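This report refers to the structure that appears directly beneath it.
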Amino acid sequence: MKRFIKDNLVLLIVLSVAVIISLALLVLVIIEHSRMYNYFQQAENLRNQIGELIQQKPAPVKGNIEPIKEETALYRKNTEQLQQVFGKVKEPALEAFAAALGVKLPEFLEKFRTAWEADNNRTALGGRDRFYQRFKRDYPKWNQAVEAFQKEYQKVTAEPLNSSNVDEVLMTALGLQRNMENSPENCLRYMWRMRSRMVDLFAENKVELQGEAASFGFDYKTAPLPEMVPDIVRNWEVIGDLATRIAKSGVNALYSFHIRNLASERVGDYVIYHYTFGVSGDLNKIRAFVKALHEATREKRMYIVRSIFLYADSDGAQNVFLERAAEAERLRLELEGVNTGSEAASMMPPEMAAPGMMPGMRNPMMPGRNPMMPPDMMPPDDPSQQQQPVKTLAQIREEIQKLPYDKRPGYGRKLFGGSPNCEAVFDVEYVALSEPELN
């Protein structure tokens, strides 16, 4: 053994050093593994804590409670103000009603709702009218308040209000569904009254109702189904205002009007009514009408113009081509000797012949000066010289061709887009805040 150690001393030393280094490295690996395991364990704990915090609803610290309350109140106030422009057109009239009655509107609405829900006979035949008559007995100034409501609401509705319908309209404003006493015949009469009012309004403003537009999207031949009555009334409340704005816009005509769906579309807390209609008239008037729709928010109405398609009232390019073709035909007839003497006047191009003459021009074969004609082509002022032979059409055309372009008759005349009249197809949505109705 000693001899083996003596003969392999170097090898044993190297092996010993290697073993010592391996042991040191093994110790380091164990230490680092333990440290990494601790890190992983800490990361897992933190992940679990974050998950628990996300699921919790941490209470604000004491110093943030008051600022949160103030910001919440401000948010609620601004939200209520913004919602005012979404269809709450009856609210000013209700405010006037409550003021005349001597009560606060929120308290009155709550009392009305409570009394209605407590009436077990409200859905019976005639139950609504009996409830209304009983409820108003508690308010001596009820009739004066109704007059105040009527006066204020008439400003924003197209429906003529009178003693026969104002109570029903008031009940609708207080939250009851307007069902025309569940009578389709009453609803049909209501539809005819609204249509007649719109027809008169368009006639007063000299706006033409063409074809299907005069029906405003409804059928007046048969009475509607009872379940359709509330939707018809709601649509007429919107159409009455929309048609009034069209009639007062200054356009020439309303030639189409369609309701996409009689039942409104509900999106969250809002209801949407969708209409498509076509008008014709001056482009500036149509632009003013679009502006009026956007400004309707001042009257608590929200219209959204989804699209507008504009069409020219005539094809300017086609008119030019037709005019040039007619001129070529007249020139051909002239060269063939068809137009001579007095016939030349009737065969002249539109810019030279009297029927198609530009504004301010005269027929060169007729007496009188024309400031737009060259001096040597004008008839002489001296009556004694007016008996001289008139120039032929060919001579007149040749002289015109010699003039500079900016001196020729018709120079600068608009060929395309000269007419401001056009047709516009509108796709419009009316958005209102959905408010619960009393059953």
Side-chain angles (χ1 to χ4, degrees), residues 84-113 115-116 122 126-183 186-201 204-205 216 229-230 232-245 247-248 296-301 430 432-433 435 437-438:
Q84 292 298 317
V85 304
F86 288 91
K88 290 193 174 183
V89 294
K90 297 185 180 73
E91 191 160 292
L94 285 175
E95 292 285 358
F97 173 83
L101 212 58
V103 298
K104 294 182 179 180
L105 181 59
E107 297 175 359
F108 175 81
L109 292 176
E110 183 62 28
K111 183 177 180 180
F112 182 86
R113 184 178 295 106
W116 172 260
R122 62 183 184 273
R128 174 184 294 199
D129 184 63
R130 289 192 294 271
F131 164 80
Y132 180 78
Q133 298 300 329
R134 287 196 304 270
F135 184 82
K136 73 177 186 178
R137 292 173 186 169
D138 297 335
Y139 299 93
K141 297 182 179 180
W142 186 271
N143 292 336
Q144 295 91 319
V146 172
E147 292 177 1
F149 171 84
Q150 177 179 343
K151 181 180 179 180
E152 191 66 27
Y153 187 52
Q154 188 67 82
K155 299 176 183 178
V156 294
T157 181
E159 179 182 3
L161 300 179
N162 49 51
S163 58
S164 64
N165 63 357
V166 66
D167 290 328
E168 187 176 21
V169 174
L170 174 60
M171 285 191 287
T172 304
L174 293 175
L176 297 179
Q177 187 182 86
R178 190 174 181 183
N179 57 9
M180 299 292 174
E181 299 178 355
N182 293 317
S183 171
N186 289 347
C187 181
L188 188 60
R189 284 192 289 269
Y190 164 80
M191 294 165 61
W192 273 108
R193 288 197 303 270
M194 293 300 296
R195 179 186 178 276
S196 298
R197 173 63 186 133
M198 292 298 101
V199 171
D200 293 342
L201 183 64
E204 292 170 7
N205 290 274
F216 296 98
V229 172
I232 290 175
V233 174
R234 295 189 192 100
N235 273 276
W236 260 119
E237 289 179 353
V238 180
I239 293 173
D241 178 77
L242 181 58
T244 299
R245 296 179 188 277
K248 295 182 178 181
T297 54
R298 301 173 183 173
E299 301 173 12
K300 301 181 182 298
R301 295 185 182 273
Y430 178 83
L433 186 67
E435 296 179 329
E437 293 178 328
L438 299 177

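Keep in mind that this is a model prediction, so the values were computed, not measured.
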Distance, nearest 0.5 Å, that separates [atom1] of [X] from [atom2] of [Y]:
{"X": "Leu438", "Y": "Phe112", "atom1": "CG", "atom2": "CZ", "result": "6.5 Å"}
{"X": "Phe149", "Y": "Gln154", "atom1": "CZ", "atom2": "CD", "result": "10.0 Å"}
{"X": "Asp167", "Y": "Arg128", "atom1": "CG", "atom2": "CZ", "result": "12.0 Å"}
{"X": "Asn179", "Y": "Glu437", "atom1": "CG", "atom2": "CD", "result": "10.0 Å"}
{"X": "Ile239", "Y": "Arg195", "atom1": "CD1", "atom2": "CZ", "result": "13.0 Å"}
{"X": "Lys136", "Y": "Leu101", "atom1": "NZ", "atom2": "CG", "result": "12.0 Å"}

**Prompt:** Between Arg234 and Glu237, does at least one N-O distance fall below 4.0 Å, as a salt bridge requires?
**Reply:** no
Which heavy-atom pair separates [X] from [Y] by the least distance, and what is that distance?
{"X": "Asn186", "Y": "Met180", "value": "ND2-O, 3.4 Å"}
{"X": "Lys141", "Y": "Ala100", "value": "CD-O, 3.7 Å"}
{"X": "Pro160", "Y": "Arg197", "value": "CG-CD, 4.2 Å"}
{"X": "Met198", "Y": "Ala243", "value": "SD-CB, 3.5 Å"}
{"X": "Ala158", "Y": "Thr244", "value": "CB-OG1, 3.9 Å"}
{"X": "Ala96", "Y": "Glu152", "value": "CB-CB, 4.3 Å"}

Output yes when a side-chain donor or acceptor of [X] lies under 3.5 Å from a complementary backbone atom of [Y], and no otherwise.
{"X": "Asn235", "Y": "Ile232", "answer": "no"}
{"X": "Gln150", "Y": "Leu161", "answer": "yes"}
{"X": "Glu110", "Y": "Leu105", "answer": "no"}

**Message:** Determine whether Tyr139 and Phe108 satisfy the following criterion, ring-ring contact (aromatic ring centres under 6.0 Å, His included), listing intermediate values before the conclusion.
**Reply:** CA-CA 11 Å; Tyr139 299 93; Phe108 175 81; 5.5 Å; yes
**Prompt:** More than 12 heavy atoms of other residues, nucleotides or ligands under 6.0 Å from NZ of Lys248: is that the case?
**Reply:** no
**Prompt:** Under 6.0 Å from the CD atom of Glu181, do we count more than 12 heavy atoms belonging to anything else shown?
**Reply:** no
**Request:** Quickly, which of Leu170, Leu176, Thr172 forms a side-chain contact (heavy atoms from CB on, under 4.5 Å) with Leu174? Name it, please.
**Result:** Leu170
**Check: Tyr132 ring centre within less than 6.0 Å of Trp116 ring centre** = no
**Message:** Do Arg178 and Tyr190 make a side-chain contact, defined as non-hydrogen atoms from C-beta onward lying under 4.5 Å apart?
**Reply:** yes
**Asked** Just wondering, do Lys155 and Pro92 contact through their side chains at under 4.5 Å, heavy atoms?
**Response** no
**Asked** side-chain contact (heavy atoms from CB on, under 4.5 Å) between Phe216 and Leu242: does it pass, once the steps are laid out?
**Response** CA-CA 11 Å; Phe216 296 98; Leu242 181 58; over 6 Å; no
**Request:** Please test Glu435 against Lys88 for side-chain contact (heavy atoms from CB on, under 4.5 Å), starting from the C-alpha separation and ending with a verdict.
**Result:** CA-CA 10 Å; Glu435 296 179 329; Lys88 290 193 174 183; 3.1 Å; yes
